[in-house]
Amino acid sequence: MTLDFSAMEAKWRTAWYKARINESNPVPGKKKFFMIFAYPGVTGYLHVGHMRGYTITDAIVRYKMMTGHNVLFPVGTHSTGNGAISFARKVERGDPATIGILEANGCTSETIESLANADGVVRFFNEVYVNDYWKRFGFMSDWRRFTCTTYPDYSRFIEWQMRKLKAHGLLIQKPYFAPACLEHGPVAIDASETDIQKGGTAEVLEYTLLKFDLDDGRNLVAATLRPETVFGLTNFWVNPDVEYVDAEVDGETWVVSRPAAEKLALQMDSVKVLGSTDGSALMGKRCKAPFTGKMIPVFPSNLCDPNIGTGLVMSVPSDAPVDWIGLVELKRNSDMRARYNLTDEMIEGAKPIAIIDTPGWGPMPAVEICERMGISTMADPKLDEATKEVYKAGFHRGVMNSSCGEFSGKPVEAAKDAIRAQMLSGSQAAIMRDLSEEVICRCGEKVLVRKIPDQWFIDYANPGLKERSKEHARTMKILPKEYFDNIQNVIEWYRERACVRLGNWLGTRFPFDQRWIIEAIADSTLYPVYYVLSRYANEGIIKPDGMTEKFFDYVILGEGDVTVVEAESGVSVETLGMMRAEFEYWYPLDINLGGKEHMTVHFPVFLMNHVAILRPEHRPNGIMVNWYITSTGSKISKSKGGAQPIPDAAEKFGVDAMRLFYAHISSLFVDVAWDDEKVESYSDRLEKTWILVDDLLRIGTEESTGMDAWLLARLNMRLAKLHEHMADYDIRSYSNEVYFEISQDIKWYLRRGGKSRSVLMDALRTWIPLMAPITPHLSEELWEHIGQKPFVSLHRLSDGSRNDEVISEEAKEKLIQNLMQDVSEILKVTSMSPTKISIMVAPSWKIEMLSAALGQPKGKVDVSALIKAAMPDAKTPEMKKAIPAFAKDVAQEVSRAAEHDRVMLSAKFDELEVLKAASGFLGEQFGCAVEVRSVDDPELVDPKGRSRFAKPGRPAVYAE
RNA sequence: GCGAGGGUAGCCAAGCCCGGUCAAAGGCGACAGACUCAAGAUCUGUUCUCGUAGGGGUUCCCCGGUUCAAAUCCGGGCCCUCGCACCA
């Protein structure tokens, strides 16, 4: 039989939403549970990997719903930034990859046309996410509350948030250096290259500019990342073929390349180009080094790139392979020397000077590595590698040597900062920021680092805010626990964060300066609050215009005069009171679940914004992080459009199979590869489950057996365990019990001869609802199939227990299972086909001794007391010998036993009776006669003396 | 570089926080058997290694340490992921 999962899913999701069991309204006095997943950015189709976190959220929410909670699980999307804009642009210019993805997802040409503008993209994908993904997966989400960060009402909320941050003194302004396109303002540089055409791996480097005095009053300005090597200077490099400019900077005249002057103009207040200087005209001149005052000559080098740094370079041949080889080449090149009147003496004077002691290296690492790698020309491609190696070793492990004055003996890393600071304060140096590689904006213009003098920041460096946030984090349920620990550090390291930007972005205008748009993190961290209110805006009960500062103050903070708010907002006092009560009812948020990429940005800011703005009792209760579903090692990339469209996967595998895959494939806290076969096997598992349930409906009779109590006890135990797992939101262990362990229990029950219809029905009524959090559609279908009324989703799960009776029932079957294992082992090893198996239950004195040992204090078993107690009953010399040996044995076993073992060992039941009752079953299993007797039984036949092995819980066996 | 996480049997993956229930859950795969005309599905068993009696040996990346006892704790090493802030 093949189940039509697709039809089953459609049937139930339609029924749920029609009955509106997904909608959440406050029920005063009823426990609430409020959970969200971090909403996705609207940047295109999502892929099957994204559904992992969403599904886990739904499973937890459904579980909570079935354990007596009123749940709130709202969803939304994040459209701020330029994801939608760049998507629209790609559509507009007919980018084949983008169009291909859209077509593969079944878009018509009209639809594609509508995606050529950002609003269309947002509208379209909002529909896709809600309908094709979340509803398709049967989420118990209250769709009335859907919101999107570019909705006008949402914007009002964000404006309010910024006002509150300002009121708390957490908005500050200071200069900022951002990569920017001259045309489009600041751009994001990241590997996915959403803002840019080229250069996604570029970094902003901070060069130190060192000023070298020429005798005519001008400064040659070299850019370096290693200012501490100033002690090893031997000469200066200038490209003789480049035209440099004289630029006026703060009353000084700097010689730099033309591109450098342009860059500086973006970063410093007054940079004016006065004239130009030919590189060749500088050859052979001498200049005075900063800090050391040493006079050094200018030599020619074609390696000075006018586009890197200032286009001028200081030469430290001891530690820079390029500088060393430059000198070597210059020495060889007599033409060049003649052209610029450079004497041999001058070149000789530029001998490398040792300045850094690096373990494992000689005094001149640059010279050393060039020899070792056989580098002798500038054209050698190995030069790059040599530079990296020397720099890495010198910078991280080196120590400034005795020729470095007051810095002698300092580690290079520390010396660098100290020297730089001194030179900056003595205005012998300046700072210039530049990108490590060329970055080109989407528009084709070059991206440069630009000073923004009045950038707004949220002051996450604020010590009080940090302290309160860290303190609160310690009280939260944060999973995995590694992150619970680490979030402390993340908050500690947090600096101020730029919160608005200029340029063409989607987002909310900054209320204090309309030129700015609030950036994408700042508007997506306090938003769980807004889900409480979004419904009122969506239903038109309040208009965006009515959502004033006072409105939010009243509803969220409980501040202000409600009649004033009524007048401002156009909402009646009564409705305002409802909103306020609703906020108080749902808040705080119980769990925010998001992918691991949020650990260093979203979650800490989410927490800090709550702490900064809301009252202490409304701070969030929990954070959960999920790792990724990957595709054969690499992330299933969103930008590649997803390996397979989610609706296609849902059709192919079934939603429930996918849900079970996400839940069971591994811990939430590791990456897992998407694997079609695995998903299919979960689909098989669901079919098997269906078949088993269906069979159970047929096979029951009125007859009850000794197994009935066992199955019910077992289920009770499982229930108790399941709830324990869910206390830690351990969905994986939960699904393992439900889909694998419980079905094993039921099969064992049947195998052992259990057949009671009423017990089986009881079992099904317990089991099927347990599936509802993970595979809700199948669960509903089965529930209906066994004749129950919908919805199982609203059924209350029972609690389960592990009382003595449960334990003793479990122990009885464990005895039989262990015995079967022993017998199998014996038969396997001896490869015999027995005609009869004798089971010999431990003699009563052993049983008494065990219970005496268990009665003694834990970890302190008194062996001699055990022996003394047993000796009076010893009738034979064999027994006299056996008593001390067994006593030692028991003492050891009992004192080593973990809690679980002790409980099982202590279980009270009559082994002989249990085994006698099972002898028929055992005989069937092994295909021979099975005789069960106590060792105490005078009629016991024991030709090989096996009975001495009998222990409580482990009878002796003799096969013949 | 800074920070975080990880390396477990053929594969995936639990266990590690809180040492003894661990030759190590569960799944997948493989093998054998049952059912069946047969295949598939299903069920049962086996799946480090040796063993004609329920036992022994060697394992949880490597080296060392703590302990009566280590996959689990501590130190060192090798290798792999991931995050690093205006992409959310």
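Heavy atoms only: backbone and side chains are in, while hydrogens, waters and symmetry mates are out. Order of the sequence lines fixes the chain letters, A, B, ..., with proteins taken first and strands second; residue numbering starts at 1 for each chain. What you are looking at is a predicted structure, and each value in this text was computed from that prediction instead of being measured.
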Applying side chain to side chain donor-acceptor pair (under 3.5 Å), can you list everything that pairs with [X], at least two apart in sequence or on another chain?
{"X": "A/Glu825", "value": "none"}
{"X": "A/Arg474", "value": "A/Gln488"}
{"X": "A/Lys477", "value": "A/Asp728"}

List every contact pair, protein side and nucleotides 9-13 of chain B side both N or O, where the distance is under 3.5 Å.
| residue | atom | partner | partner atom | Å |
| --- | --- | --- | --- | --- |
| B/A13 | O2' | A/Arg732 | NH2 | 2.7 |

* To do: Using a cut-off of strictly less than 4.0 Å between a heavy atom of the residue and any atom of RNA chain B, enumerate the qualifying residues of residues 733-745 of chain A by number.
  =>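 A/Asn736, A/Phe740, A/Glu741, in order of number.
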
* Asked: Which base, if any, makes a Watson-Crick or G-U wobble pair with B/U66, both distances under 3.5 Å?
  ->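 Across all strands, not a single nucleotide pairs with B/U66.
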
* Would you call the rings of A/Trp674 and A/Tyr662 parallel, tilted or perpendicular if under 30° counts as parallel and over 60° as perpendicular? ->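 Plane angle between 30° and 60°, so tilted.
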
* cation_pi(A/Arg226, A/Tyr391) dist<6.0 Å, angle<=45 ->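 Yes, cation above the ring, under 6.0 Å and within 45°.
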
* Should the pair A/Arg433 and A/Phe177 be classed as cation-pi, given the thresholds of under 6.0 Å to the six-membered ring centre and 45° from the axis? ->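 Positive - A/Arg433 is close enough to the ring of A/Phe177 and near enough to its axis.
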
* Residues in side-chain contact (heavy atoms from CB on, under 4.5 Å) contact with A/Asn626, at least two apart in sequence or another chain ->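 Testing A/Asn626 for side-chain contact (heavy atoms from CB on, under 4.5 Å), a comparison that skips the adjacent residues, returns A/Arg52, A/Leu593, A/Leu668.
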
* To do: Verify, without hydrogens or angle tests, whether A/Ser831 (side chain) and A/Lys828 (backbone) share a donor-acceptor contact under 3.5 angstrom.
  =>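 Flag not set: sc A/Ser831 to bb A/Lys828 has no pair under 3.5 Å.
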
* **With sequence neighbours excluded, residues passing ring pair (Phe, Tyr, Trp, His ring centres under 6.0 Å) with A/Phe926** =>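 Testing A/Phe926 for ring pair (Phe, Tyr, Trp, His ring centres under 6.0 Å), a comparison that skips the adjacent residues, returns none.
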
* Excluding sequence neighbours, so at least two apart, what forms ring pair (Phe, Tyr, Trp, His ring centres under 6.0 Å) with A/Phe457? ->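 With sequence neighbours excluded, A/Phe457 shows a ring pair (Phe, Tyr, Trp, His ring centres under 6.0 Å) to A/Tyr176, given in chain and number order.
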
Polar pairs (N or O, both sides) under 3.5 Å between protein and nucleotides 49-53 of chain B?
| residue | atom | partner | partner atom | Å |
| --- | --- | --- | --- | --- |
| B/G51 | N1 | A/Glu825 | OE2 | 3.4 |
| B/U52 | O4' | A/Val829 | O | 3.3 |
| B/A53 | O2' | A/Arg946 | NH1 | 3.4 |
| B/A53 | N6 | A/Ala959 | N | 3.4 |
| B/A53 | N6 | A/Ala959 | O | 2.4 |
| B/A53 | N1 | A/Ala959 | N | 2.9 |

* **Pairs where residues 593-602 of chain A contributes a residue and the test side chain to side chain donor-acceptor pair (under 3.5 Å) is met, not counting sequence neighbours** =>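 Passing the test, one end in residues 593-602 of chain A: A/Asn592-A/His602, A/Lys596-A/Asp671, A/Glu597-A/Tyr628.
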
Only pairs under 3.5 Å count here: list side-chain donor-acceptor contacts from residues 447-454 of chain A, not counting sequence neighbours, and write none if there are none.
none

N/O-N/O pairs, protein side and nucleotides 40-43 of chain B side, under 3.5 Å:
| residue | atom | partner | partner atom | Å |
| --- | --- | --- | --- | --- |
| B/U42 | OP1 | A/Lys688 | NZ | 3.0 |
| B/C43 | OP1 | A/Lys747 | NZ | 2.6 |

* Take A/Phe457 and A/Asn489, find for each the nucleotide of RNA chain B with the closest heavy atom, and name the residue whose nucleotide sits nearer the 5' end. =>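 By nearest-heavy-atom nucleotide position, the 5'-most residue is A/Asn489.
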
